[in-house]
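Written out below as structure tokens is the structure these notes cover.
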Amino acid sequence: MKRMLLLLLVLAAGAVQAEPTLDEILDQNIEARGGYEAWKSIDSAHMTGRMLMGGGIEAPFRLWFKRPDKVRMEFDVQGMTGVQAFDGETGWYVMPFMGKTEPEAMADDQLKDIKEMADFDGILVDWEEKGHSVELVGTEDVEGTPTYRLDVTKANGDENTIFLDQEYFLEIKTTAKTERQGNEVIVHTTIGDYKEVGDVIMPHSMEMQFEGLPMTQQLTIENVELNADVDDARFDMPEAVTSGE
């Protein structure tokens with residue numbers, strides 16, 4: 001009997017040890033994406049694709065990244081081009097289809113979004129240096145796929161939940177909770193169509209669902225150029241053109 005109890009205890013201890021730790025899961029995630037060094041070797045990127053918005057509107061987009069923390073997105077709607085950009089310090093936009101034909105600085109709520117977009121590596125890479133906290137909550141089923149659930153509290157106080165496929169350790173879904181103009185906004189993003197680009201693996205499909213609203217937004221990336229020649233000036237906010245000029 002004692003031997004049987006000892007055997008059961010050993011087996012139970014082995015089962016507990018078999019469960020990966022948070023650090024092991026995060027290491028597996030970055031390795032699945034190509035490895036830490038491969039990502040850090042990327043200084044810039046240029047992406048093109050299409051965005052499907054509410055009402056069946058399809059908008060071609062162009063996206064540029066450059067370290068550190070620079071991003072610019074352009075998208076075409078009804079013959080007009082919208083721009084959202086961040087130069088590492090200032091976020092700005094041009095939205096002609098909303099009557100915003102001159103560049104304007106972003107408000108604080110908008111800045112949170114564009115700063116997160118500028119984080120080319122993603123929330124989980126160097127999360128401690130960025131001031132985030134990450135907790136391994138456990139396992140959870142996401143539409144039939146076993147996942148590891150990670151709860152993230154970002155340095156700015158926003159909350160994210162990230163679901164990693166247990167087999168491949170890649171993100172398949174995220175839930176982001178933030179505050180905009182005093183209202184809580186929750187966005188669920190489904191991530192997929194991972195493809196090899198150079199030495200890294202990147203998703204090429206993202207679908208965003210805004211909780212409580214019927215609207216969805218789908219992004220399909222069609223081409224990616226890594227370490228593209230991107231001038232810093234592309235991210236700078238241009239001066240507004242005064243009337244009469």
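What you see is a predicted model; the values in this text were computed from it and never measured.
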Can you find a pair of side-chain heavy atoms, one from Ile30 and one from Leu124, that are under 4.5 Å apart?
no

Look up atom OG1 in Thr178 and atom CD in Glu184, then write down how far apart they are to the nearest 0.5 Å.
9.0 Å

Between the side chain of Asp76 and the main-chain N/O of Gly79, is any donor-acceptor distance below 3.5 Å?
no

Look up atom OG1 in Thr174 and atom CG in Leu164, then write down how far apart they are to the nearest 0.5 Å.
10.5 Å

Using distance alone, with no hydrogens and no angle criterion, decide if Tyr36 and Asp126 have a side-chain donor and acceptor under 3.5 Å apart.
yes

Where Glu171 and Ile162 come nearest, the two heavy atoms and their spacing
CG-CG2, 3.6 Å

Test side chain to side chain contact (heavy atoms under 4.5 Å, CB included) on Glu135 and Leu22 and set out the steps.
CA-CA 7 Å; Glu135 177 188 1; Leu22 173 62; over 6 Å; no

Measure the CD1-CD distance between Ile57 and Gln217 for me, rounded to the nearest 0.5 Å.
11.0 Å

Where is the tightest heavy-atom contact between Arg33 and Trp39, given as atom of each residue plus distance?
O-NE1, 2.9 Å

Salt bridge (Lys or Arg N to Asp or Glu O under 4.0 Å) test vs Lys66 passes for just one of Asp236, Asp232, Asp229, namely Asp232

Report whether Val125 and Tyr194 are members of the same hydrophobic cluster (ILVMFWY, side-chain heavy atoms less than 4.5 Å apart, transitive linking).
yes

Let me confirm one number: the CD-CG distance from Gln28 to Leu170, rounded to the nearest 0.5 Å.
10.5 Å

Going by distance alone, is a donor N or O of one side chain under 3.5 Å from an acceptor N or O of the other, for Thr147 and Asp165?
no

Side-chain (Asp87) to main-chain (Thr90) donor-acceptor, under 3.5 angstrom
yes

By the salt bridge (Lys or Arg N to Asp or Glu O under 4.0 Å) test, which pairs, at least two apart or in different chains, include something from residues 111-120?
Lys112-Asp158, Asp113-Arg180, Glu116-Lys154, Asp119-Lys130

Any idea which heavy atoms bring Arg50 and Glu222 closest together, and the distance?
NE-OE2, 2.9 Å

Measuring only between side-chain heavy atoms, which start at C-beta, is Ile186 closer than 4.5 Å to Thr175?
yes

Can a salt bridge be assigned to the pair Arg67 and Asp121 using a cut-off of 4.0 Å between side-chain N and carboxylate O?
yes

Side chains of Leu150 and Val137: closer than 4.5 Å at any heavy-atom pair?
no

List the atom of Leu226, the atom of Ala45, and the distance in Å for their closest heavy-atom pair.
CD2-CB, 4.1 Å

Tell me the closest heavy-atom pair linking Tyr148 and Pro20, and the distance in Å.
OH-CG, 3.3 Å

Could you tell me whether a side-chain N or O of His132 sits under 3.5 Å from a main-chain N or O of Ala155, the two making a donor and an acceptor?
yes

Report yes if the side chains of Glu207 and Leu52 come closer than 4.5 Å at any heavy-atom pair, otherwise no.
no

Does atom CG (Asp108) have a neighbourhood of more than 12 heavy atoms from anything else shown, all under 6.0 Å?
no

State which residue, out of Thr189, Val152, Asp151, fulfils the side chain to side chain contact (heavy atoms under 4.5 Å, CB included) condition with Asn160.
Val152

Worked check of side chain to side chain contact (heavy atoms under 4.5 Å, CB included) between Met53 and Val77:
CA-CA 10 Å; Met53 300 182 287; Val77 178; 3.6 Å; yes

Using a 4.5 Å cut-off on heavy atoms from C-beta on, say whether the side chain of Arg234 contacts that of Glu74.
yes

Determine whether Lys70 and Phe120 make a side-chain contact, defined as any pair of heavy atoms from C-beta on separated by less than 4.5 Å.
no

Please tell me whether Val83 and Met80 are part of a single hydrophobic cluster in this structure, the criterion being side-chain heavy atoms less than 4.5 Å apart.
no

To the nearest 0.5 angstrom, please state how far the OG1 atom of Thr216 sits from the NE2 atom of His188.
13.0 Å

Non-hydrogen atoms of Phe86 and Phe235 that approach each other most closely
O-CB, 3.9 Å

Hydrophobic cluster membership, with links at side-chain heavy-atom distances under 4.5 Å among I/L/V/M/F/W/Y: are Met106 and Met237 in one?
no

Worked check of side chain to side chain contact (heavy atoms under 4.5 Å, CB included) between Ile42 and Asn227:
CA-CA 6 Å; Ile42 300 170; Asn227 289 318; 4.2 Å; yes

To the nearest 0.5 angstrom, please state how far the CH2 atom of Trp64 sits from the CE atom of Met47.
12.0 Å

Is there a donor-acceptor contact under 3.5 Å from the side chain of His204 to the main chain of Met202?
yes

Side-chain heavy atoms under 4.5 angstrom apart, residues restricted to Ile, Leu, Val, Met, Phe, Trp, Tyr: same cluster for Leu26 and Ile123?
yes

Evaluate the side-chain proximity of Met117 to Leu63: yes if any heavy-atom separation is below 4.5 Å, no if none is.
yes

Flag yes if Ile114 and Met208 sit in one hydrophobic cluster, no otherwise; membership is Ile, Leu, Val, Met, Phe, Trp, Tyr, and two members link when side-chain heavy atoms are under 4.5 Å apart.
yes

Within a reach of under 6.0 Å around OH of Tyr168, are more than 12 heavy atoms found that belong to other residues, nucleotides or ligands?
no

Could you go through the side chain to side chain contact (heavy atoms under 4.5 Å, CB included) check for Glu140 and Phe163 one step at a time?
CA-CA 8 Å; Glu140 193 166 320; Phe163 298 92; 3.7 Å; yes

